[in-house]
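To find a chain, count down the sequence lines: A is the first, B the second, and so on, and within it residues start at 1.
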Amino acid sequence: MTKINISDTTGRNLWLMKSEPDVYGWDDLVAEGEGTWDGVRNHLAARNLRTMQAGDLAFFYHSNIGVEVVGVIVISQGGLSDPTDPEGKWAAVKVKPVQKLPQTVTLKQIKATPELQEMDLIRLSRLSVGSVRPDEWNLILRMAGAL
DNA sequence: GCCAACGTTGGC
DNA sequence: GCCAACGTTGGC
């Protein structure tokens with residue numbers, strides 16, 4: 001896995017990206033080494049994808065099964081067009097795994113944490129690619145035992 | 001331009 | 001399996 005200090009967020013945008021683990025989970029990304037994040041068909045999520053730059057960090061979140069943050073990934077390549085879109089209008093990025101969290105952080109825990117109520121994850125529950133603020137990032141890392 | 005119908009996402 | 005939230009489509 002890519003060696004990065006996940007608590008050093010200077011100059012990096014922070015994100016949270018959802019995937020259903022029975023379709024594409026953390027272990028699948030680790031096995032692949034690098035994955036293409038495509039198939040997003042929501043305008044706000046796509047805008048977030050287009051904003052991403054190589055070096056940005058993201059939480060990898062398991063939706064539907066687990067319903068928890070499981071690891072940290074890094075955007076390895078930004079500004080791609082979605083290979084699954086024949087029109088080439090939708091966006092994609094490439095990502096690499098950085099670190100599995102010592103303990104997962106569940107949606108239930110996040111919902112129970114007052115400081116995390118403003119997260120896209122909570123406010124826009126169906127958004128598959130949301131942004132994360134540095135204070136939220138660090139608190140979740142702390143909850144995961146990664147700091 | 002409104003709104004009903006329908007489809008999808010995602011939590012529970 | 002159900003339902004709430006949200007997006008899209010199509011009739012008017």
Side-chain angles (χ1 to χ4, degrees), chain A residues 1-2 6-7 9 12-54 56-147:
Chain A
M1 294 197 209
T2 315
I6 58 172
S7 63
T9 59
R12 302 185 139 113
N13 296 309
L14 304 169
W15 309 97
L16 183 146
M17 302 168 80
K18 297 183 183 178
S19 186
E20 301 181 34
D22 55 343
V23 177
Y24 190 86
W26 175 262
D27 291 340
D28 297 308
L29 177 60
V30 171
E32 259 196 315
E34 184 175 41
T36 302
W37 211 279
D38 55 26
V40 171
R41 294 293 182 274
N42 168 281
H43 289 289
L44 180 53
R47 195 159 70 96
N48 287 334
L49 286 178
R50 279 190 281 268
T51 304
M52 289 180 182
Q53 297 183 324
D56 284 0
L57 297 176
F59 286 129
F60 192 111
Y61 175 91
H62 281 174
S63 59
N64 285 357
I65 300 169
V67 194
E68 57 195 359
V69 178
V70 295
V72 173
I73 58 182
V74 62
I75 310 307
S76 50
Q77 214 180 324
L80 304 174
S81 58
D82 187 335
T84 70
D85 171 22
E87 307 254 328
K89 290 182 177 172
W90 292 99
V93 298
K94 288 195 175 186
V95 302
K96 288 181 177 178
V98 176
Q99 185 182 316
K100 191 172 186 172
L101 295 174
Q103 301 146 230
T104 63
V105 178
T106 64
L107 179 62
K108 193 177 175 184
Q109 285 175 273
I110 291 170
K111 282 187 169 174
T113 305
E115 300 94 310
L116 298 177
Q117 296 313 296
E118 294 303 311
M119 289 186 73
D120 284 357
L121 179 69
I122 303 298
R123 289 188 306 113
L124 307 167
S125 66
R126 290 189 5 179
L127 186 67
S128 63
V129 181
S131 65
V132 176
R133 298 198 308 241
D135 55 330
E136 296 163 343
W137 180 267
N138 281 297
L139 181 52
I140 290 173
L141 286 184
R142 200 169 296 283
M143 290 164 74
L147 289 185

Nearest heavy-atom pair of [X] and [Y]: which atoms, and what distance?
{"X": "A/V132", "Y": "A/M119", "result": "CG2-CE, 4.1 Å"}
{"X": "A/W37", "Y": "A/I73", "result": "CZ3-CD1, 4.2 Å"}
{"X": "A/H43", "Y": "A/W90", "result": "CE1-CH2, 3.5 Å"}

Which side-chain N or O atoms in residues 137-147 of chain A pair as donor and acceptor under 3.5 Å with protein atoms at least two apart or in another chain?
residue	atom	partner	partner atom	Å
A/W137	NE1	A/I6	O	2.9
A/N138	ND2	A/P134	O	3.0

| task | For each nucleotide in nucleotides 6-12 of chain B, reading 5' to 3', give B when a protein heavy atom comes within less than 4.0 Å of its base, S when such contact involves only the sugar-phosphate, and - otherwise. | result | --BBBBS
| Donor-acceptor contact below 3.5 Å, side chain A/K111 vs main chain A/I122 | no
| message | Quick check against the 3.5 Å criterion: does A/S76 have a side-chain atom that pairs as donor or acceptor with the backbone of A/K94? | response |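 A pair under 3.5 Å: yes.
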| message | Please report the end-to-end axis angle for the helix from B/dG1-C/dC12 to B/dC12-C/dG1, five pairs per end, rounded to 10 degrees. | response | 10°
| task | Take atom CZ of A/R41 as the centre, draw a 6.0 Å sphere, and report whether it contains more than 12 heavy atoms from other residues, nucleotides or ligands. | result |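 Enclosed: over 12 neighbouring heavy atoms sit under 6.0 Å from CZ of A/R41.
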